[in-house]
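The shown structure was predicted, so the numbers you read here are calculated from the model rather than taken from an experiment. Naming convention: chains lettered A, B, ... in sequence-line order (proteins, then strands); numbering from 1 in each chain.
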Protein chains: 2
Amino acid sequence: MTAPRSTRSLRSRRAEHTADTRRALVRAARTLFAERGYAATGTEDIVAAAQVTRGALYHHFKDKADLFRAVMGECAQDMAERLVEQETARAESETGDAWTLLRHGFQSFLDACNDPDFQRIVLVEGPAVLGHSAWDALVEQHGYVLLAEELTRAIDEGSISPMPVAPLTRMLAALISEASLYIARAEDHETARKEAGEVLERLLTGLSRQDPSRTGA
Amino acid sequence: MTAPRSTRSLRSRRAEHTADTRRALVRAARTLFAERGYAATGTEDIVAAAQVTRGALYHHFKDKADLFRAVMGECAQDMAERLVEQETARAESETGDAWTLLRHGFQSFLDACNDPDFQRIVLVEGPAVLGHSAWDALVEQHGYVLLAEELTRAIDEGSISPMPVAPLTRMLAALISEASLYIARAEDHETARKEAGEVLERLLTGLSRQDPSRTGA
DNA sequence: TCTTCTAACATACAGTCTGTATGGAACAGG
DNA sequence: CCTGTTCCATACAGACTGTATGTTAGAAGA
């Protein structure tokens, strides 16, 4: 993996170049997959955008689906980093009980999902292209772990009632994903965001242990 | 549409035959799409299973995606009919307050979604193959209307708190869809069903107006 | 430095698939 | 009986994917 031992700079030059072409392929594919979809994007389009030839593509990736897997992994990674970043920022700045923090966390999770690349590649094309097992493995790795441990902690802290974390994780992720798609596809994003947030808020109160009834407007 | 006017029986014979081939195509495509997926199913495979040639396929359908649309429409139709059937049966047999009926309705909705054809074709492949606008149109037509009016009625009756029905419909549908996928993909379907049902139950209590706290176990 | 070997591509090719165009057969209508 | 249309089969053209082959540049050893 990180095994370049001898002739540091020279090898680095070469390795850097190959890494560049690989990145160029992933970047080009990501753009095209996001705007045209997987099936409608030819490998020729991708390599043209990356300014290489198809030979480079099939040297770095097993096949087209393998390239897609790399692209989706990158999208999921970006999303995960964004979420972690948001969460740490919120944990520092905001004050309040655990339950409120959790609710706010879900709301900003919803905002983070409002990303065209993520929606199209991860949520829409991903399951169909990779199949559920490969898709689930990727999402498990990048996204579910964060959400799952967050939920486990919330249960341990008593913010939400004890319940099976595995289905809860999937179902909440699906809930927020669908909400983000609803917002993105709506004509009026503003009101759609507000309405979806309201529904999300209501549904989340069902998880609450102490059931804080109506908290705010 | 229903315009056969003259020479009833003869025309009927011919029309019946053409309708047969069309049905054969849809049935074959449905089976193959469900088990292999859209991209992995060639038109040759479909017409072979239907015992016709590709000419018949492209006579009845504009292209492969058009055939898929018909298949998905049939799946959605079946699901809708099953739901209506279940609901009427439940409305007659079961007794209880509106809130309990609604909750039981969602649970049997969850069971109804446990169908391989429906899951693969409508939930997984549909969005990627048809695109969100065409997919949404189909689901709107067959499924959302039922759920939406059910929810509207529940709000009017006071079973659940007032909230925007459009996002609520989508989000609940996504919730239950994901739950059904989770159950289907689990090794132990029994416990997965129980756990998902429990989580669903909890989330739904957030919608309740009078907030019946802990109702059951 | 010279040789050699291999990674990193480019190019050419074969197979497959989709959609269309053409042809024909059966049936309805005048 | 004749004509037109529906319904479908066959043949063909284009596109696309994956692979096999060729080529070059850099790394490694002597």
Side-chain angles (χ1 to χ4, degrees), chain A residues 1-26 28-29 32-33 36-71 125 128-130, chain B residues 1-26 28-29 32-33 36-71 125 128-130:
Chain A
M1 303 303 179
T2 62
R5 204 63 56 94
S6 60
T7 60
R8 191 78 165 122
S9 64
L10 289 182
R11 196 217 160 280
S12 175
R13 286 298 171 87
R14 181 161 172 81
E16 191 178 339
H17 180 247
T18 72
D20 274 347
T21 64
R22 190 193 154 94
R23 268 193 299 271
L25 282 168
V26 172
L32 291 171
F33 286 159
R36 302 183 203 171
Y38 177 79
T41 303
T43 54
E44 201 68 51
D45 304 336
I46 299 173
V47 298
Q51 291 180 332
V52 293
T53 64
R54 285 166 27 85
L57 195 160
Y58 283 93
H59 176 74
H60 284 279
F61 302 95
K62 177 178 165 292
D63 53 14
K64 194 183 166 189
D66 190 36
L67 172 59
F68 180 86
R69 181 181 296 121
V71 170
E125 305 268 352
V129 174
L130 297 181
Chain B
M1 302 300 180
T2 62
R5 204 62 58 94
S6 61
T7 61
R8 191 75 165 127
S9 63
L10 289 183
R11 194 217 160 279
S12 175
R13 286 297 172 86
R14 181 161 172 82
E16 191 177 340
H17 180 246
T18 73
D20 275 346
T21 63
R22 190 193 155 94
R23 267 193 300 270
L25 283 167
V26 173
L32 292 171
F33 285 159
R36 302 184 203 172
Y38 177 79
T41 302
T43 53
E44 201 68 52
D45 304 335
I46 299 172
V47 299
Q51 290 181 330
V52 293
T53 63
R54 287 168 23 86
L57 194 160
Y58 283 93
H59 176 74
H60 284 280
F61 302 96
K62 177 177 165 292
D63 54 14
K64 194 183 166 189
D66 190 36
L67 172 58
F68 180 87
R69 181 180 296 121
V71 170
E125 305 268 352
V129 174
L130 297 181

> Is there any salt bridge (Lys or Arg N to Asp or Glu O under 4.0 Å) pair reaching into residues 55-69 of chain B, and which pairs are they, with sequence neighbours excluded?
Replying inline: B:Asp66-B:Arg69
> A:Ile46 CD1 to C:dA10 C1': how many Å, rounded?
Replying inline: 17 Å
> How far apart are the closest heavy atoms of A:Glu125 and A:Gly37, and which atoms are they?
Replying inline: OE2-CA, 3.3 Å
> Which heavy atom in A:Val26 sits nearest to a heavy atom in A:Ala70, and how many Å separate them?
Replying inline: CG2-CB, 4.4 Å
>> Does D:dC8 have OP1 or OP2 under 4.0 Å away from a side-chain N or O of B:Thr21?
In response: yes
>> Walk along nucleotides 15-23 of chain D from 5' to 3' and tag each nucleotide B, S or - by protein heavy-atom contact under 4.0 Å, base first, then sugar-phosphate.
In response: --BBB----
>> Show me the pairs that pass ring pair (Phe, Tyr, Trp, His ring centres under 6.0 Å) and involve residues 48-70 of chain A, at least two apart or across chains.
In response: A:Phe33-A:Phe68, A:Tyr38-A:Phe68
>> Tell me whether the side-chain N/O atoms of B:His17 come closer than 4.0 Å to OP1 or OP2 in D:dC7.
In response: no
>> Using whole Å, what does the distance between atom P of nucleotide D:dC7 and atom NE2 of B:His60 come to?
In response: 7 Å
> How close or far is atom P of C:dA8 from atom CZ of A:Arg22, stated in whole angstroms?
Replying inline: 11 Å
> Within the pair A:His59 and C:dA7, is there a side-chain N or O less than 4.0 Å away from OP1 or OP2?
Replying inline: no
> When the distance from CD of A:Gln51 to P of C:dA10 is rounded to whole Å, what number comes out?
Replying inline: 11 Å
Check residues 42-52 of chain B and write down every donor-acceptor pair under 3.5 Å in which the side-chain atom is one partner and the other belongs to a residue at least two apart or another chain.
{"residue": "B:Thr43", "atom": "OG1", "partner": "B:Arg54", "partner atom": "NH1", "Å": "2.7"}
{"residue": "B:Asp45", "atom": "OD2", "partner": "B:Arg36", "partner atom": "NH1", "Å": "3.2"}
{"residue": "B:Asp45", "atom": "OD2", "partner": "B:Gly42", "partner atom": "N", "Å": "3.2"}

> A:Thr53 side chain: which of D:dT10, C:dC9, C:dA10 is closest?
Replying inline: C:dA10
> So which heavy atom on B:Val71 is nearest to which on B:Ala29, and how close?
Replying inline: CG2-CB, 3.8 Å
